[in-house]
**Q** 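Quick one: the structure is below, questions incoming.
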Amino acid sequence: MTHDTVTPAGFLTELHLGHLRWDLISPFPAPSDEDRARGDTAVAELMRFLQETIDPTEVDRTAKLPDGFHEACAARGYFKLQDPLERGGLGLSAHNAFRMIQAAASWSVTACYAMSVHLGLGAGAYLPILADGELKSELERLLAAGAISGDADTEPTGAINRTRATTAVPTEDGTGFWISGEKVFIQNGPIAGLLRVSATVRDNDREYIRLFFVDTADPGFTVTSWHEYLGLKGLPNAALTFDRVFVPHSRVFTLDGLAAEDEWRLAPELHTISVRGRMYPISAPALAIGRLCLHWSREFVRRRSVGGLGLEQYDEIQRIIAANLAETFAVESVVEWCLLAEERHPGIDLDPEQTVAKNITSLTSWRIVDRTLSLLAAEGFETATSKARRGAQPLPVERFFRDARALRVAGGVDFLVDHWAARHLLSRHYPKPQAIAEAATDLTAADACLSPRNRDHLRFVAEQAVQFARLSRDLVDRHPDPEELFAEERTLILLNRLSAELFSMSAVLANAARLHSEGTGPAQDLADVFCADARHRMADAQRRLADTDGPDHAGACAQWLHGDGLEFLLRDTVTATPPAR
């Protein structure tokens, strides 16, 4: 495969051009009964293992997983979820592998994270795009031997810089490279046997980024320190040092058609690995947290009353729970489309959907758990250990609240992902504009399987898709230089939020049409609740986009940074940092 390969446009790509292709998204994909049954068995076995092995409250208290936990997972094939049976794997589909991670996250997000990163972003994710040769054989050998893998990219200077301070210097004998530098916030760093490392190659007068697969048993590799976080206690995540670690040519990643000077992250194959891979460590826990919140809310509301009335009889309580039900349904719909659509439409381009799925799932999960903590009030804010001491039901809302916040940061902080995704969708209009729709799509074929309110929501999506395409084209026309447009960060962030809402609404409506095709039923109601709220969020984003003469954020920021008249905002504040202990 080369990075010039053209794949058929997918649903979201068409939507960006104003075409709501109901024929692409409906009938909504679903796993076969046989595949679902196989997943049920695998999930049940994993949950028995976790419940016998891990006390998640103790892991949170001690910030430590049990000794030998990851080795036990490896022995059971949990680091080979999709590997074929003949290679010691479980042979699961992508959907069932996701279900395994999601189920594990519902018990302990920390427990599932190493296997989710190894599955989605580790060395095995690169095998499908590698030609037969030394590198592919070497990675297959190391993975077959049980190596846990990870992705070492972020540096102390940041995660999104085009350059890398880590260097790769060719050896004098020409057999490989010496890797030197520091990496931080590296998931699986302390336990990985194999790491994909990005580094700057300095070869004569040229500098360019290349990817290297480092065997952590080689001299010069050091785990400098484990990171500790607000949530995800016990996570194997660390700062790493590479001091002239030798990497032979057989473990240097190259891609056909990619010149040495090309920006490696822009290669479509690598972009696909990145956006699909994030679904396992981010979208799977996000869905798990949403589902847990539904369970906790039901448990709480059933046993509480105010003024002689059960909580479920109060209007605002009903709205909170309905919103959480609808948004969990939306996360599930987005995930199932991203994982199953290719089976329905082989070769389809799902990169746009899988790109926005990161923010859709993590931000939606955060809204759900935030509402749930408020619903449970002090009982939600109280730790499970404290509740257990007084004999109350020890629902771990507070622990998952902290874990959920991490999902907005992992894999790229949310506003940067919005900006990145919008850059990609606008880049398609350069240099040759693609045809956009002039009018909303005729959706008569969808009428029979949607409720009247949902038919209205679908027509709203079709109309807004046309407006979205026109807005995108107008932005491109007014900015012949793409870098000038990409510098308008707030505009791009808001544009991608509109894109995410349009896609989420489409997925929810199509899924509701599949589940209750007669136009009535619970899924139709949830779709209506979600779409009504999504329309309010879109209206807010559109108002902000139109506010071109808004406040001077740059001026306020500059005054603050240089201390010009705003020091009163620090009044009565102790700014000295206490010593770390």
**Q** Phe69 vs Phe49 aromatic rings, parallel, tilted or perpendicular, using cut-offs 30° and 60°?
**A**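 Judged by the thresholds at 30° and 60°, the geometry between Phe69 and Phe49 is parallel.
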
**Q** Is there a donor-acceptor contact under 3.5 Å linking the side chains of Tyr113 and Asn237?
**A**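 Checked: Tyr113/Asn237 side chains show no N/O donor-acceptor pair below 3.5 Å.
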
**Q** Can you give me the closest heavy-atom contact between Pro281 and Leu407, atom names plus distance?
**A**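 Heavy atoms only, the tightest pair is O-CD2, 3.8 Å.
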
**Q** Of all heavy-atom pairs between Pro66 and Val59, which one has the smallest distance, and what is that distance?
**A**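 Heavy atoms of Pro66 and Val59 come nearest at CD-CG2, 4.4 Å.
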
**Q** Evaluate side chain to side chain donor-acceptor pair (under 3.5 Å) for Asn496 paired with His419, printing each intermediate quantity in order.
**A** CA-CA 7 Å; Asn496 193 63; His419 183 252; over 6 Å; no

**Q** In terms of heavy-atom contacts, does CD of Glu172 have more than 12 from other residues, nucleotides or ligands at under 6.0 Å?
**A**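 For Glu172, atom CD is not crowded (no more than 12 foreign heavy atoms under 6.0 Å).
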
**Q** So does Phe185 get a backbone contact from the side chain of Thr154, meaning a donor-acceptor N/O pair under 3.5 Å?
**A**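 Judged by distance alone, no pair lies under 3.5 Å.
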
**Q** Looking only at side-chain N and O atoms, does Thr62 offer a donor or acceptor that is under 3.5 Å from a partner on Lys233?
**A**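 There is no such pair (donor and acceptor under 3.5 Å, judged by atom type) between the side chains of Lys233 and Thr62.
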
**Q** Please check: side-chain N/O of Glu155 versus main-chain N/O of Thr166, any donor-acceptor pairing under 3.5 Å?
**A**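 Yes; at least one donor-acceptor contact below 3.5 Å.
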
**Q** Hey, what do you get for OG (Ser108) to CD (Glu58), rounding to the nearest 0.5 Å?
**A**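 Output value for this atom pair is 12.0 Å.
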
**Q** Could you check if a side-chain atom of Gln187 sits within less than 4.5 angstrom of a side-chain atom of Asp151, using non-hydrogen atoms only?
**A**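 Side chain of Gln187 against side chain of Asp151, heavy atoms only: no contact under 4.5 Å found.
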
**Q** In Å and rounded to the nearest 0.5 Å, what is the NE2 to CG distance from His16 to Leu498?
**A**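 It comes to 10.0 Å.
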
**Q** Does Leu92 reach the side chain of Arg99, with side-chain heavy atoms less than 4.5 Å apart?
**A**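 No - every pair of side-chain heavy atoms lies 4.5 Å or more apart.
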
**Q** Mind running side-chain contact (heavy atoms from CB on, under 4.5 Å) on Ser333 and Trp337 for me, showing each step along the way?
**A** CA-CA 6 Å; Ser333 300; Trp337 172 259; over 6 Å; no

**Q** So, taking the atom named CZ in Arg428 and the one named CG in Leu425, what distance separates them when rounded to the nearest 0.5 Å?
**A**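 Reported to 0.5 Å precision, the distance equals 6.0 Å.
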
**Q** Determine, stepwise, if the pair Cys112 / Tyr280 fulfils side-chain contact (heavy atoms from CB on, under 4.5 Å).
**A** CA-CA 9 Å; Cys112 81; Tyr280 297 101; over 6 Å; no

**Q** I'd like to know if the side chain of Ser274 and the backbone of Leu270 have a donor-acceptor N/O pair within less than 3.5 Å.
**A**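 It does not hold such a pair.
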
**Q** Looking only at side-chain N and O atoms, does His118 offer a donor or acceptor that is under 3.5 Å from a partner on Asn188?
**A**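 Asn188 vs His118: no donor-acceptor pair found between side chains.
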
**Q** Please check this pair: side chain of Asp153 against backbone of Ser198, looking for a donor-acceptor N/O pair closer than 3.5 Å.
**A**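 No: the side chain of Asp153 does not pair with the backbone of Ser198.
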
**Q** From Leu90 CG over to Thr41 OG1, what is the distance, rounded to the nearest 0.5 angstrom?
**A**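 Rounded to the nearest 0.5 Å, the CG-OG1 separation comes out at 11.5 Å.
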
**Q** Can you see which heavy atom on Val397 is nearest to which on Gly380, and at what distance?
**A**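 Residues Val397 and Gly380, closest heavy atoms: CB-O, 3.8 Å.
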
**Q** Show, in sequence, the C-alpha distance, side-chain angles and deciding distance for Leu143 and Leu127, and conclude whether the side-chain contact (heavy atoms from CB on, under 4.5 Å) test is met.
**A** CA-CA 11 Å; Leu143 291 171; Leu127 293 178; 4.0 Å; yes

**Q** Are the side chains of Arg497 and Asp418 in contact, using a 4.5 Å heavy-atom criterion?
**A**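 Side chain of Asp418 against side chain of Arg497, heavy atoms only: contact under 4.5 Å found.
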
**Q** Assess whether side chain to side chain donor-acceptor pair (under 3.5 Å) is satisfied between Gln354 and Arg278, documenting all intermediate values.
**A** CA-CA 8 Å; Gln354 291 171 349; Arg278 288 183 305 184; over 6 Å; no

**Q** Run the ring-centre check on Phe11 versus His345 and record whether the distance is less than 6.0 Å.
**A**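 No; His345 has its ring centre 6.0 Å or more from that of Phe11.
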
**Q** For His424 and Trp420, take the angle between the two ring planes, folded into 0 to 90°, and tell me which bin it lands in: parallel under 30, tilted 30 to 60, perpendicular over 60.
**A**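 Rings of His424 and Trp420: perpendicular, over 60°.
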
**Q** Which atom names give the shortest non-hydrogen contact between Val245 and Val214, and what distance separates them?
**A**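 Looks like CG1-CG1, 3.8 Å.
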
**Q** Between Asp243 and Ser180, does the side chain to side chain donor-acceptor pair (under 3.5 Å) criterion hold? Intermediate values first, please.
**A** CA-CA 5 Å; Asp243 184 10; Ser180 297; 4.7 Å; no

**Q** Check whether Ser149 reaches the backbone of Ala123 with its side chain - one donor and one acceptor, N or O, closer than 3.5 Å.
**A**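 Checking the backbone N and O of Ala123 against the side chain of Ser149, a donor-acceptor pair under 3.5 Å is found.
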
**Q** Taking the side chain from Thr171 and the backbone from Gly176, do they hold a donor-acceptor pair closer than 3.5 Å?
**A**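 Present.
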
**Q** Assess whether side chain to side chain donor-acceptor pair (under 3.5 Å) is satisfied between Glu182 and Thr224, documenting all intermediate values.
**A** CA-CA 9 Å; Glu182 296 178 65; Thr224 309; over 6 Å; no

**Q** Considering non-hydrogen atoms only, spot the tightest contact between Leu194 and Ala147 and give its length.
**A**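 Answer, listing the atom of Leu194 first, then Ala147: CB-CB, 4.4 Å.
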
**Q** How about Val413 and Arg408: do any of their side-chain heavy atoms sit closer than 4.5 Å?
**A**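 Answer no - side chains too far apart.
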
**Q** Ignoring hydrogens and angles, tell me if any N or O in the side chain of Thr361 forms a donor-acceptor pair with the backbone of Lys358 under 3.5 Å.
**A**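 Yes, because the side chain of Thr361 sits within donor-acceptor range (under 3.5 Å) of the backbone of Lys358.
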
**Q** Is a side-chain donor or acceptor of Thr13 paired with a backbone partner of Ala9 at a separation under 3.5 angstrom?
**A**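 No, because the side chain of Thr13 does not come within donor-acceptor range (under 3.5 Å) of the backbone of Ala9.
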
**Q** side-chain contact (heavy atoms from CB on, under 4.5 Å) for Asn96 and Arg36? Distances and angles first, verdict last.
**A** CA-CA 7 Å; Asn96 278 333; Arg36 187 177 294 279; 5.7 Å; no

**Q** Side-chain donor-acceptor contacts of residues 399-406 below 3.5 Å, not counting sequence neighbours, with atom names and distances?
**A**
unit_1 : atom_1 : unit_2 : atom_2 : d
Arg402 : NE     : Glu398 : OE2    : 2.6
Arg402 : NH1    : Asp60  : OD1    : 3.4
Arg402 : NH1    : Leu230 : O      : 3.1
Arg402 : NH2    : Asp60  : OD1    : 3.3
Arg402 : NH2    : Asp60  : OD2    : 2.8
Arg402 : NH2    : Glu398 : OE1    : 3.4
Arg402 : NH2    : Glu398 : OE2    : 3.1
Asp403 : OD1    : Leu232 : N      : 2.6

**Q** Under 4.0 Å between a side-chain nitrogen and a carboxylate oxygen: does that hold for Arg371 and Glu327?
**A**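 Between Glu327 and Arg371 there is a salt bridge, with a charged N closer than 4.0 Å to a carboxylate O.
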
**Q** Are any non-hydrogen side-chain atoms of Thr216 and Leu195 less than 4.5 angstrom apart?
**A**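 Heavy-atom side-chain distance check passes, below 4.5 Å.
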
**Q** Under the rule for salt bridge (charged side-chain N to carboxylate O under 4.0 Å, His left out), what residues qualify as partners of Glu138, not counting sequence neighbours?
**A**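 So Glu138 forms a salt bridge (charged side-chain N to carboxylate O under 4.0 Å, His left out) with Arg141, Arg251.
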
**Q** Indicate whether the side chain of Thr222 and that of Thr241 have a donor and an acceptor atom separated by less than 3.5 Å.
**A**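 There is no such pair (donor and acceptor under 3.5 Å, judged by atom type) between the side chains of Thr222 and Thr241.
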
**Q** State whether the side chain of Ser137 and the backbone N or O of Glu134 hold a donor-acceptor pair below 3.5 Å, judged by distance alone.
**A**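 Such a contact is absent between Ser137 side chain and Glu134 backbone.
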
**Q** Give, for atom OG1 of Thr328 and atom CZ of Arg291, the distance between the pair rounded to the nearest 0.5 Å.
**A**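 Nearest 0.5 Å value for the OG1-CZ distance: 8.5 Å.
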
**Q** Which pair of non-hydrogen atoms, one from Ile179 and one from Ala199, has the smallest distance, and what is that distance?
**A**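 So the two residues come closest at CD1-CB, 4.4 Å.
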
**Q** Please report whether the ring centroid of Phe253 lies less than 6.0 Å from that of Tyr126.
**A**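 Ring centroids of Tyr126 and Phe253 are less than 6.0 Å from each other.
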
**Q** Considering residues, nucleotides and ligands other than Gln51, do more than 12 of their heavy atoms fall under 6.0 Å from its CD?
**A**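 It does: Gln51 CD has more than 12 such atoms within range.
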
**Q** Where the side chain of Trp226 meets the backbone of Gly234, is there a donor-acceptor pair that is under 3.5 Å apart?
**A**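 No: the side chain of Trp226 does not pair with the backbone of Gly234.
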
